[in-house]
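In the text below, chain A, chain B and the rest are named by the order of the sequence lines, each starting its count at 1.
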Amino acid sequence: MSVGLQRLREEPEVIRKGALDKGEDATLVDAALALDARRRVLLGEADARKAERNTVSRQIGEAIKGGAAAGGPEVAALRAASVAAGERISALDVEIGRVDAELEDALLRIPNPADPDVPVGDADSNVTVRTWGELLPRLQPVAGEVGADASTATWERRPHWDVAERLRIFELERGAKIAGSGFPVYRGAGAGLQRALIDFFLTVHIRENGFTEIWPPAVVNAASARGTGQIPDKEDQMYVATRDELYLVPTAEVPVTNLHRDEIFEADELPVRYAAYSPCFRREAGAAGKDTRGILRVHQFDKVEMVLFEKPDASAEALEWMVGRAEDLLRRLGLAYRVLLMATRDMGFVQAKKYDLEVWAPGVERWLEVSSCSNFRDYQARRMAIRHRSAPGARPELVHTLNGSGLALPRVVAAILETYQDPDGSVRVPGPLQASLGTDVLRPPA
RNA sequence: GGAGAGGUCGCCUAGAGGCCUAGGGCGCCGCACUGGAAAUGCGGUAUGGGGCAACCCAUCGAGGGUUCGAAUCCCUCCCUCUCCGCCA
């Protein structure tokens, strides 16, 4: 991913400010500009020399065809000229290669500038755009016991791991035994809940929201991992099958966005909108100790992802639309949530604008991130050379890419278990999942 | 996994060291002819980079090599197809 050279030349100040707002090194902008200037000088001479060599080589061919001796003085002189040009070309190509590598390296470390409407600052500057639903408390009055003593007339909501244990729907220790810590096993209705959620999310996206369903591979090759910036930036977060040089996908974004790498959309083909389920594998290196209980942070989880390819002038609106699609799922599940507009230093290197959706988990009294929706504008598209024609026959230009979770399962499951639990340990099933699970309540085994 | 055949412009194909500055066909766009269309004729039809421009450079699956010169010869890798083996 990188910022465009053309834009860098035309408005370096915007790029520079964008880097500073994200807390990145802005001096790389000047370094890149200097390298770009040097590169163009070198390229100019190399091209001229190549033209010269092409001409001379052609002349050799014509001379020989015209009767000159292949070993004669005329041909020898031409040959010497060609060799001289060739030597200069080799030297220039080496230098250009070096400048190119440095330039690319500099560009890769210049972040995508945030949109103008993104708040500048760190996580404290994130803006809560809206909140939906009732924020249930952990301690709650027991229904029907109005006259009782206040201290005994409450029941305490349990964290999702307690609820799950009573229902016997997680097998976390056995998951650790067969794979490792952070590889949850879902049992019985727990497994059914996974399947029901995936089906519910996909069905809404496909039947109501106009997405095309994609069922991608769970591994990608190095070129794809590079395309979405997993390597080199986040290489230590991925599981790698080194023997075959394959990477386990950390999100469906990687295979699905790469579907159109090195392609040009025709004028009437955009937007292209995909919804894809995939398992997601994350090493979570550096996150040891955080959220180790339950299923809030695991090495393998399931997610339905939305991936959009849009015309540049439509991407801003598409982001708002996509956030709305994710919100709709939470509303139908009856889960309280809030939408955060992420500030420049909390949004990531490659995003131009990003919203996070956080669901309320009353058992642990925390907001849990269940979706992250981002507009990358042309930043990802440049790296993957994904372009479109604005009109038939027009010059190709970069598309805008966006993606967002719709939704990630584990924390939705946690929120359901904590929101819909009853004092007796049973959990009511949200309406949209009842048909799939074949019941409207999950009860602990006797 | 084994054996064989292939990968050339949006698609099909020619091409076998210099006439390739990649030819032809189809498709597409424009113009002419027409009342309008079909047919026909003429022209145009890749991507990236450099240059004010004329124009130049690179790219024939990818990367190396040989050569004054590579789509063409050599090496490595990737992919597709056919047959065989194995297999949910």
- Take the protein atom NE2 of A:His388 and the nucleotide atom C1' of B:U47, then report the distance between them rounded to whole Å. 16 Å

- Task: Scan side-chain atoms only and decide if A:Gln194 and A:Asp302 contain a donor-acceptor pair under the 3.5 Å cut-off.
- Result: yes

- Message: Whether A:Lys177 and A:Glu173 form a salt bridge (side-chain N of Lys/Arg under 4.0 Å from carboxylate O of Asp/Glu) is what I want to check.
- Response: no

- Proximal nucleotide (of B:G50, B:U47, B:C57) relative to the A:Arg9 side chain: B:G50

- Note on the structure: When rounded to whole Å, the CG to P distance for the pair A:Asp262 and B:C78 reads 19 Å

- Message: Just the rounded figure in Å: distance from P of B:G48 to CG of A:Leu5.
- Response: 14 Å

- Message: Can you confirm whether A:Glu213 is buried at CD, in the sense that more than 12 heavy atoms of other residues, nucleotides or ligands lie under 6.0 Å from that atom?
- Response: yes

- Could you tell me whether the phosphate oxygens of B:G48, OP1 or OP2, come under 4.0 Å of any side-chain nitrogen or oxygen in A:Arg387? yes

- Let me know the distance between CD1 of A:Ile89 and C1' of B:C56, rounded to the nearest Å. 13 Å

- Salt-bridged, A:Asp236 to A:Arg283, with N to O below 4.0 Å? no

- Given RNA chain B, 5'-ward residue of the pair A:Gly86 and A:Thr55, judged by closest heavy atom: A:Thr55

- Message: Suppose we define a pair by two distances each less than 3.5 Å, Watson-Crick or G-U wobble; what does B:C28 pair with here?
- Response: B:G44

- Opposite nucleotide pairing with B:U34, Watson-Crick or G-U, both atom distances under 3.5 Å: none

- Are A:Glu45 and A:Arg88 ion-paired here, with the side-chain N under 4.0 Å from a carboxylate O? yes

- Can you tell me the pairing partner of B:A54 across any strand shown, Watson-Crick or G-U wobble, with both distances under 3.5 angstrom? none

- Check whether any side-chain nitrogen or oxygen of A:Asn54 sits under 4.0 Å from OP1 or OP2 of B:G69, and answer yes or no. no

- Message: Salt bridge or not between A:Glu24 and A:Lys22? Use side-chain N to carboxylate O under 4.0 Å.
- Response: no

- Answer for the Watson-Crick or wobble partner of B:G69, both distances under 3.5 Å, is none

- Message: Distance check, P atoms only: B:U59 and B:A38, in whole angstrom units.
- Response: 41 Å

- Across all strands shown, which nucleotide pairs with B:A22 by Watson-Crick or G-U wobble geometry, both distances under 3.5 Å? none

- Task: Could you work out the separation of B:G63 and B:G41 based on their P atoms and round it to a whole Å?
- Result: 40 Å

Give each protein N/O atom lying under 3.5 Å from an N/O atom of nucleotides 18-23 of chain B, with the pair distance.
{"unit_1": "B:G18", "atom_1": "N2", "unit_2": "A:Ser57", "atom_2": "O", "d": "2.6"}

- In whole angstroms, how far is the C1' atom of B:A58 from the CG atom of A:Leu92? 15 Å

- Query: Does any nucleotide pair with B:A3 by Watson-Crick or G-U wobble geometry, both distances under 3.5 Å, and what is it?
  - Reply: B:U82

- Item | Carboxylate-amine/guanidinium proximity below 4.0 Å for A:Asp115 and A:Arg377 | yes

- Message: Between P on B:C29 and CZ on A:Arg395, what's the gap in Å once rounded to a whole number?
- Response: 22 Å

- Message: Does A:Gln434, at its CD atom, have more than 12 non-hydrogen atoms belonging to other residues, nucleotides or ligands within less than 6.0 Å?
- Response: yes

- How far, in whole Å, is B:A71 from B:G18 if one measures between their C1' atoms? 14 Å

- Task: Grab the CD-P distance between A:Glu263 and B:G10 for me, whole Å please.
- Result: 13 Å

- On a whole-Å scale, what distance lies between the C1' atoms belonging to B:A70 and B:A58? 15 Å

- Between A:Ala80 and A:Ile264, which has a closest nucleotide on RNA chain B that is more 5'? A:Ile264

- Item | Close residues, residues 36-47 of chain A, relative to RNA chain B [heavy-atom separation under 4.0 Å] | A:Arg39, A:Arg40, A:Leu43, A:Asp47

- Item | Pairwise P distance for B:A14 and B:G7, with rounding to whole Å | 9 Å

- Task: Can you tell me the distance, in whole Å, between the CZ atom of A:Arg49 and the C1' atom of B:G50?
- Result: 17 Å

- Message: Closer than 4.0 angstrom, basic N to acidic O: yes or no for A:Arg332 and A:Glu208?
- Response: yes

- Answer yes or no: is there an ion pair linking A:Asp21 with A:Lys17, defined by an N-O contact shorter than 4.0 Å? yes

- Message: Rounding to an integer number of angstrom, what distance separates B:G15 and B:U21 when you compare their C1' atoms?
- Response: 15 Å

- Exam field: side chain A:Lys311 to backbone A:Pro271, donor-acceptor pair closer than 3.5 Å: no

- Task: Counting Watson-Crick and G-U wobble pairs only, both distances under 3.5 Å, name the nucleotide matched with B:U76, or none.
- Result: B:A62

- Taking a pair as Watson-Crick or G-U wobble with both distances under 3.5 Å, which nucleotide is matched to B:C87? none

- Message: Please confirm whether the shortest side-chain N or O distance from A:Arg389 to OP1 or OP2 of B:U47 is below 4.0 Å.
- Response: yes

